[in-house]
Amino acid sequence: MEGTHTVPDPAVPPTPAVPLAALLAREDLALRRIAGPSDPSLVVHAAHTSEMADPYPYLLGGELLLTAGVHIPDAAGSGTYFDDYVSRIVAAGGAALGFGLAPVHATVPRALIAACDRYGLPLIEVPPRTPFTAVARAVWQLLAQARLAELRRVSEAQQSLAAAAARPDPVPAVLRQLAQRVGGWTTLYGPEGTEIASAGREPEPPVRETLAELAEVVRPSGPGTPTSATHATAGTHLAAYALGTGQGFTLGVAAPGREPGDHTIASLATVLLTLLTGDQQTGSGASRNAALVRLMLGGTPEEVAPLLGGDGNWLVVEACRNDRRDRPSPGARETARQAPKHPLPPDLLAATALGAKLGSPLIDPGGDTTRILLPANRTPGPQPGWTIGVSDAVPPHQLPTAADRAARALARARATRASLIRHTHRPGLARLVPEAEAQAHARTLLAPLAEQPALTETLRTWLSLHGSWDRTAVALSVHRNTVRQRIARCAALLGTELDDPDVRMELWFALGQQ
């Protein structure tokens, strides 16, 4: 009886929904809506047959309840029976009521029609020639089609999100792809709650503020903090997801509605963003913090390096992001093909993603380039969208020198339009000369340039690029006339002819000792 059950408020099953209008459109069923709302957004999640006077305990929510009216007493029309019956269906979350004609009732009771109108429950007339099993089978067929469409949508989203994560700017690319898939706006909040990247059509300020508040709900604050939360406001569905980094990053999604598969797609994006912003490291964050504190308190690189992992030697990687618009056409002239890739400003998220791909969290995105410290046992490879210079492997106390070599390798890579260039020490004639004597000879030969580092670096770059004015200008980010003037100044100070191959060889040997 009514009031004897304590079943909690129904929750719509997490299954694809079938529009009620699609079921009514099936000509083979000949169903007809005779009462209740005709909202095209009404959906059905299942079909259930019951002749119970109180179906509440047997409904999960979202069902099309089918009945032939066997339970209806003879005097039902003169009392509150139909109001009680319909109200219990609505309380259980029933989506619609299907009433079958014959053999019990030749027509749908008028009192039932009136009750459905009062409580806003769609009432569907099922003709005698349509068995309930046919209706149930049609519902399951439509559900299967909806489920297949959902799986296809999720699969396509997974592929596009994975492709976005492989781009040079992976975090903004993933956010853009997610915004397109849900038809809304996405944003990544940093540990302090600030928006650090977003994509899609921005919502109104009140919605934006509410989403930020929702993100605070899932931000890690102790045991029991939820990993996701949803809310609806101003006709917009909001969702927030905590990234699994434990660092306080959260993903916010604002969409005009909640379609099947949206949660799955957002969860996929959350996993990718977790990987892209996570602590990809060989040692723990605590070890890195200890290394920083030890350096600030006067420790040496040799003392600190073991805290960061690796085998004792390190590589310095220096990289700049490329402007994807700078792509020469197949028929471009030689000078156009030699033009530089314009570097983009450093971006913390892109730099973090590059570090994750190379396998190191030790990044410095400051200045015009991004620098990354790698253990020597890791070999960096070319990365789409980046131009990279790599030093040779050195012990910790030589890292400043390695940084200079990585910068030179990057300059050479930009000048020659190579994606990656490594600085290497190849065995040669230099090995035949004692190191002390070679360095003394270099100091003497290059003494006229000792107080002008710009001239020394220009000469070094110009020689490494085989005397190319254009490429040297690109590598040094100066005008080619500046290169010509500097090289002429070098020739004058050194008192030599730089067109002579023997002179160039000797100078290159000397520069290699610095």
Under a 4.5 Å cut-off applied to non-hydrogen side-chain atoms, are [X] and [Y] in contact?
X      : Y      : value
Phe82  : Arg110 : no
Trp314 : Pro375 : yes
Gln177 : Arg167 : no
Val86  : Leu123 : no
Ile265 : Arg153 : yes
Thr230 : His237 : yes
Pro380 : Ile388 : no
Gln141 : Arg26  : yes

If only atom types and distance count, is the side chain of [X] paired as donor or acceptor with the main-chain N or O of [Y] below 3.5 Å?
X      : Y      : answer
Ser50  : Leu66  : no
His231 : Thr210 : no
Thr194 : Gly190 : no
Thr233 : Val207 : no
Glu63  : Gly61  : yes
Ser160 : Glu156 : yes

Using the side chain to side chain contact (heavy atoms under 4.5 Å, CB included) definition, which of the options Asp364, Val390, Leu362, Leu354 pairs with Ile372?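 Running side chain to side chain contact (heavy atoms under 4.5 Å, CB included) over Asp364, Val390, Leu362, Leu354 with Ile372 returns exactly one hit, Leu354.
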Considering all heavy atoms, the nearest [X]-[Y] contact:
X      : Y      : value
Pro122 : Leu42  : CG-CD1, 3.6 Å
Tyr241 : Val253 : CE1-CG2, 4.3 Å
Leu243 : Leu251 : CD1-N, 3.7 Å
Tyr85  : Pro55  : CE1-CD, 3.9 Å
Gly200 : Trp185 : O-CD1, 3.6 Å
Ala35  : Cys116 : CB-CB, 4.1 Å

Between Val317 and Trp386, is the side chain to side chain contact (heavy atoms under 4.5 Å, CB included) condition met? List the steps. CA-CA 11 Å; Val317 174; Trp386 292 87; over 6 Å; no
Under the salt bridge (Lys or Arg N to Asp or Glu O under 4.0 Å) criterion, do Glu216 and Arg219 qualify, and how do the steps go? CA-CA 5 Å; Glu216 291 299 321; Arg219 193 179 307 282; 3.0 Å; yes
[atom1]/[X] to [atom2]/[Y] distance, rounded to the nearest 0.5 angstrom?
X      : Y      : atom1 : atom2 : value
Glu51  : Ile72  : CD    : CD1   : 8.5 Å
Leu64  : Leu20  : CG    : CG    : 7.0 Å
Gln158 : Leu151 : CD    : CG    : 11.0 Å
Arg33  : Leu23  : CZ    : CG    : 13.5 Å
Leu112 : Phe99  : CG    : CZ    : 6.0 Å
His263 : Thr270 : NE2   : OG1   : 8.5 Å

Would you check, one step at a time, whether the test side chain to side chain contact (heavy atoms under 4.5 Å, CB included) holds for Val154 with Leu268? CA-CA 9 Å; Val154 170; Leu268 291 171; 4.2 Å; yes
Report, as yes or no, whether the 6.0 Å neighbourhood of atom CZ on Arg371 holds more than 12 heavy atoms from other residues, nucleotides or ligands.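 At most 12 heavy atoms, drawn from other residues, nucleotides or ligands, come within 6.0 Å of this atom.
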Is it true that atom CD of Glu204 has more than 12 heavy atoms of other residues, nucleotides or ligands lying nearer than 6.0 Å? no
Member of Thr369, Thr387, Thr370 meeting the side-chain hydrogen bond (donor to acceptor under 3.5 Å, both in side chains) criterion with Glu318: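 It is Thr369; the other options fail the test.
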Answer yes if the side chains of Asp84 and Thr80 hold a donor-acceptor pair under 3.5 Å, and no otherwise.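 Asp84 vs Thr80: donor-acceptor pair found between side chains.
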Verdict with supporting geometry, Leu373 and Val316, side chain to side chain contact (heavy atoms under 4.5 Å, CB included): CA-CA 5 Å; Leu373 200 59; Val316 177; 4.0 Å; yes
Is there a salt bridge (Lys or Arg N to Asp or Glu O under 4.0 Å) between Arg147 and Glu150? Walk through the geometry before answering. CA-CA 5 Å; Arg147 180 61 175 167; Glu150 177 188 350; 3.2 Å; yes
Worked verdict on Leu238 versus Glu213 for side chain to side chain contact (heavy atoms under 4.5 Å, CB included): CA-CA 11 Å; Leu238 307 179; Glu213 295 172 359; over 6 Å; no
